[in-house]
Amino acid sequence: MNNKLNTKERLHLARIKSLPCSVCGASAPSEAHHVKQGLQYTCISLCVDCHRNPTLGWHGQKRMWAIMKIDEIDALNNTIRNLLETSHQEATKNEF
C-alpha cells in the first residue's frame with residue numbers, strides 16, 4: 001500500500017474503517033480492503049473474518065463471501081451506500 005497518503009485519503013480510510021462490514025454486517029471497527037492496491041477510494045469495509053480469515057475471508061477461501069453470494073463489486077457498492085447513509089445522517093444531525 002502507498003504510505004504517502006494525503007489528508008483526504010487518510011480521512012476517507014478512517015471513514016471506511018468506521019463502517020460495519022460490507023459482507024456480513026459485523027459492527028465497526030472494520031479494516032479497509034483495497035480492491036486495487038494504491039487506489040484509496042476503492043476500499044471496502046471488512047471485519048477481520050471477512051477480510052483475513054483463512055476459511056471465511058477474501059484472503060482465504062472466501063466462504064463467507066460465497067455464503068452471502070457477494071463479490072468485491074457488491075461489497076464496494078455496500079460500502080459506498082453505507083458511506084452515503086452515514087454522511088446523510090451526519091448532515092441531518094448537524095441541521096438541528
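Values in this document were obtained by computation on a predicted structure and should not be read as measured data.
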- Task: Show the numbers, then the answer: is there a side chain to side chain contact (heavy atoms under 4.5 Å, CB included) between L13 and C43?
- Result: CA-CA 8 Å; L13 290 175; C43 287; 3.5 Å; yes
- Message: Would V48 and N53 count as a side chain to side chain contact (heavy atoms under 4.5 Å, CB included) here? Give the steps.
- Response: CA-CA 7 Å; V48 172; N53 183 283; over 6 Å; no
- Message: Run D49 and V23 through side chain to side chain contact (heavy atoms under 4.5 Å, CB included) and show every step you take.
- Response: CA-CA 10 Å; D49 286 336; V23 175; over 6 Å; no
- Task: Using the side chain to side chain contact (heavy atoms under 4.5 Å, CB included) rule, take H34 and T42 through it: C-alpha gap first, then chi angles, then the decisive distance, then the call.
- Result: CA-CA 6 Å; H34 291 75; T42 60; 5.7 Å; no
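Both I67 and I70 sit in one connected hydrophobic cluster of ILVMFWY residues. Membership requires side-chain heavy atoms under 4.5 Å apart, directly or through other members. Tracing side-chain contacts under 4.5 Å through hydrophobic residues (I, L, V, M, F, W, Y), one never reaches I73 starting from M68; they form parts of separate clusters. A continuous path of ILVMFWY side-chain contacts below 4.5 Å connects I80 to V35, so both sit in one hydrophobic cluster.
Considering only residues two or more places apart in sequence or on other chains, A26 meets the side chain to side chain contact (heavy atoms under 4.5 Å, CB included) condition with C21, C24, C47. Residues that satisfy the side-chain hydrogen bond (donor to acceptor under 3.5 Å, both in side chains) test with S22, not counting sequence neighbours, are S45, T79. Not counting sequence neighbours, the partners of W58 by the ring pair (Phe, Tyr, Trp, His ring centres under 6.0 Å) test are H33, W65.
In this structure, L19 CG and E85 CD are separated by 10.0 Å, a value rounded to the nearest 0.5 Å.
Nearest approach of Q61 to T55, heavy atoms of both residues: CB-O, 3.3 Å. Counting all heavy atoms, side chain and backbone alike, A28 lies closest to K17 at CB-O, 4.1 Å.
The main-chain N or O of N78 is found under 3.5 Å from a side-chain atom of N82 such that the two form a donor-acceptor pair. Checking side-chain atoms of D74 against main-chain N and O of D71 turns up a donor-acceptor pair under 3.5 Å.
The only option from H59, M64, R63, E31 that meets the side-chain contact (heavy atoms from CB on, under 4.5 Å) definition with C50 turns out to be M64.
I16 is listed as a side-chain neighbour of L83, based on a closest heavy-atom distance under 4.5 Å.
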